[in-house]
Student: 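Mind looking over this structure? Questions follow.
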Amino acid sequence: MGWEAMIIVIYTAMAFSLVSVISLAASAPGYRMGLWSYKVGLALVKSAGFLSLCAVIAYITGSLIWRGEFFSYWIAPKLFGFLVSVTVLGLTLFWRYKLASHPYIHDITTDTDDPPLFNAILPLRVGAENQSEYGGDKVATQQHAGYPDLHALVLASQPEIVFPLALRVAKEMGWEIVSAAPESLMMEATDSTSWFGFKDDIVIRLRSLSSGTRVDVRSVSRVGKSDLGTNAARISKFLDKLQQT
């Protein structure tokens, strides 16, 4: 195989690298700006992963066929392209791993028998892909299998003491408070994911016990069938911070 073939492989690998990083970089901002749906954004992420894999294969194949000659020309841009491709591939594989390693659900609660219900936040969910009603035993079974350690928090303090603390923790976590009703011991809020900015809704319910207060939390995504573990992680973080407050 001659120099012409090597040049073609080099340019192809660099093109794959460039397009993969553009696809990944544009996926979320395009969705946030309303240029395309979240499904298109996710498709761009998948495309970025595929293109970065092609680039890595091209770089490795070229270096094996032409050995030192492959990297002896334009070494800086080729090395940069290779590192970019590996980074994009690593990110997409990590997200793929999270998808495969978490239950394929998007509604998580600390009380699957009597999940907290949304009220004030319902107008904000109009037109949302996912319903606000709980999915029942099927969802509960998947949650118990995937997050066996997720459960309600019981505190020794009474609800009138816990409620303002829970509100403070929710604000510290950056949640947008939609409703905070001390009289009903209920609180509703919205949080956004870091990259795509997907909206997830949270409801917190406090119940008085003879020994103190039971805190239940439910977090539900508005779109997407799987949340990659985001809702469970959010609930766990909130309860941990509240317990330490």
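When reading the values below, keep in mind they use all heavy atoms of this one structure, side chains included, and skip hydrogens, waters and symmetry mates. Predicted, not measured: the structure shown is a model, and the values here were computed from it.
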Student: Met173 and Ile202: same hydrophobic cluster, using ILVMFWY side-chain contacts below 4.5 Å?
Tutor: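 Met173 clusters together with Ile202.
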
Student: Any donor and acceptor pair, going by atom type alone, linking the side chain of Asn231 with main-chain N or O of Asp107 inside 3.5 Å?
Tutor: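 No; zero donor-acceptor contacts below 3.5 Å.
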
Student: Give a yes-or-no answer on whether the side chains of Tyr134 and Thr112 include a donor-acceptor pair shorter than 3.5 Å.
Tutor: no

Student: Can you name the closest pair of heavy atoms from Arg222 and Asp200 and give their distance?
Tutor: N-OD1, 4.1 Å

Student: Check Leu150 against Ser236 and note the closest heavy-atom contact, atom names and distance.
Tutor: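 Closest approach of Leu150 to Ser236, heavy atoms only: CD1-OG, 3.4 Å.
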
Student: About how many Å separate CG of Asp216 and OG1 of Thr110, when rounded to the nearest 0.5 Å?
Tutor: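 Going from the OG1 atom of Thr110 to the CG atom of Asp216 covers 3.5 Å.
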
Student: Return yes if some donor-acceptor pair links the side-chain N/O of Glu188 with the main-chain N/O of Ser179 below 3.5 Å, else return no.
Tutor: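 Between the backbone of Ser179 and the side chain of Glu188 there is no qualifying donor-acceptor contact (under 3.5 Å).
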
Student: How long is the straight-line distance from CZ of Phe16 back to CG of Leu18, given to the nearest 0.5 Å?
Tutor: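 Leu18 CG to Phe16 CZ: 12.0 Å, rounded to 0.5 Å.
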
Student: If you measure from CH2 on Trp175 to CE on Met187, what distance do you get to the nearest 0.5 Å?
Tutor: 9.0 Å

Student: Going through the distances and angles, do Val56 and Val86 end up as a side-chain contact (heavy atoms from CB on, under 4.5 Å)?
Tutor: CA-CA 7 Å; Val56 169; Val86 169; 4.0 Å; yes

Student: Could you check whether any side-chain N or O of Thr92 sits under 3.5 Å from a backbone N or O of Leu89, counting only pairs where one atom can act as donor and the other as acceptor?
Tutor: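 Side chain of Thr92 to backbone of Leu89: a pair is present.
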
Student: Please evaluate residues Met186 and Asn119 with respect to the criterion side-chain contact (heavy atoms from CB on, under 4.5 Å), reporting the C-alpha separation (whole Å), side-chain torsions for both, the decisive distance (0.1 Å), and the verdict.
Tutor: CA-CA 10 Å; Met186 298 287 291; Asn119 183 25; over 6 Å; no

Student: Does the side chain of Trp36 come within less than 4.5 Å of Ser27's, by heavy atoms?
Tutor: no

Student: Could you walk me through whether Leu124 and Ile121 pass side-chain contact (heavy atoms from CB on, under 4.5 Å), step by step?
Tutor: CA-CA 5 Å; Leu124 301 179; Ile121 217 162; 3.9 Å; yes

Student: Can a side-chain donor-acceptor contact be found between Arg125 and Ser132 if the only test is distance below 3.5 angstrom?
Tutor: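 Judged by distance alone, the side chains do not pair up.
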
Student: Consider only side-chain heavy atoms of I, L, V, M, F, W and Y, link residues closer than 4.5 Å, and tell whether Val21 and Ile57 are in one cluster.
Tutor: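 No, no single cluster joins them.
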
Student: Could you check if a side-chain atom of Phe196 sits within less than 4.5 angstrom of a side-chain atom of Leu42, using non-hydrogen atoms only?
Tutor: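 They are in side-chain contact.
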
Student: Let me check something: do Val88 and Val40 share a hydrophobic cluster, defined by ILVMFWY side-chain heavy atoms less than 4.5 Å apart, either directly or through other members?
Tutor: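 Val88 clusters together with Val40.
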
Student: Assess whether a salt bridge exists between Arg205 and Asp114, defined as any Lys/Arg side-chain N lying under 4.0 Å from an Asp/Glu carboxylate O.
Tutor: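 Salt bridge present between Arg205 and Asp114.
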
Student: Does Ile22 belong to the same Ile/Leu/Val/Met/Phe/Trp/Tyr cluster as Met33, with side-chain heavy atoms less than 4.5 Å apart forming each link?
Tutor: yes

Student: Measure across Lys98 and Leu228 and return the closest heavy-atom pair with its distance rounded to 0.1 Å.
Tutor: CE-O, 3.4 Å

Student: I need the Asp240 CG to Gln244 CD distance, nearest 0.5 Å.
Tutor: 6.0 Å

Student: Within a strict 4.5 Å, meaning less than it, do heavy atoms of the Pro116 and Thr109 side chains meet?
Tutor: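 They are in contact (side-chain heavy atoms under 4.5 Å apart), so the answer is yes.
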
Student: Which residues pass the ring pair (Phe, Tyr, Trp, His ring centres under 6.0 Å) test with Phe118, sequence neighbours left out?
Tutor: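 By the ring pair (Phe, Tyr, Trp, His ring centres under 6.0 Å) rule, Phe118 matches no residue at all.
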
Student: What I want to find out is whether Arg218 reaches Asp201 closely enough, with some N-O distance under 4.0 Å, to be called a salt bridge.
Tutor: no

Student: Using 0.5 Å steps for rounding, measure from the CG atom of Leu51 to the CG atom of Leu44.
Tutor: 10.0 Å

Student: Would you say that Val217 contacts Leu239 through its side chain, given a criterion of any heavy-atom pair below 4.5 Å between the two side chains?
Tutor: yes

Student: Verify side-chain contact (heavy atoms from CB on, under 4.5 Å) between Thr213 and Arg207, making sure each step is shown before the conclusion.
Tutor: CA-CA 6 Å; Thr213 302; Arg207 283 179 171 171; over 6 Å; no

Student: In Å, rounded to the nearest 0.5 Å, how long is the span from NE2 of His106 to CG of Asn130?
Tutor: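 With rounding to 0.5 Å, NE2 (His106) is 3.5 Å from CG (Asn130).
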
Student: Tell me whether Asp191 is salt-bridged to Arg234, with the criterion being a basic N under 4.0 Å from an acidic carboxylate O.
Tutor: yes

Student: Kindly work out whether a path of hydrophobic side-chain contacts (I/L/V/M/F/W/Y, heavy atoms less than 4.5 Å apart) joins Val45 to Tyr31.
Tutor: yes

Student: Does either side chain, that of Ser23 or that of Ser47, offer a donor lying less than 3.5 Å from an acceptor on the other one?
Tutor: no

Student: Would you check if Tyr59 and Ser17 make a side-chain contact, meaning some heavy-atom pair closer than 4.5 Å?
Tutor: yes

Student: Could you check if a side-chain atom of Arg214 sits within less than 4.5 angstrom of a side-chain atom of Leu153, using non-hydrogen atoms only?
Tutor: no

Student: Report yes or no: do Lys199 and Ser192 form a side-chain donor-acceptor pair below 3.5 Å?
Tutor: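 Side-chain D/A pair, Lys199 to Ser192: present.
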
Student: Any chance the side chains of Asp227 and Ser221 put a donor and an acceptor closer than 3.5 Å?
Tutor: no

Student: Pairs under 3.5 angstrom only: tabulate donor-acceptor contacts from the side chains of residues 154-163 to other protein residues two or more places apart or in another chain.
Tutor:
none

Student: Might you point out which heavy atoms bring Pro103 and Tyr147 nearest each other, and give the distance in Å?
Tutor: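 Looking at all heavy atoms of both residues, the shortest contact is CD-OH, 3.4 Å.
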
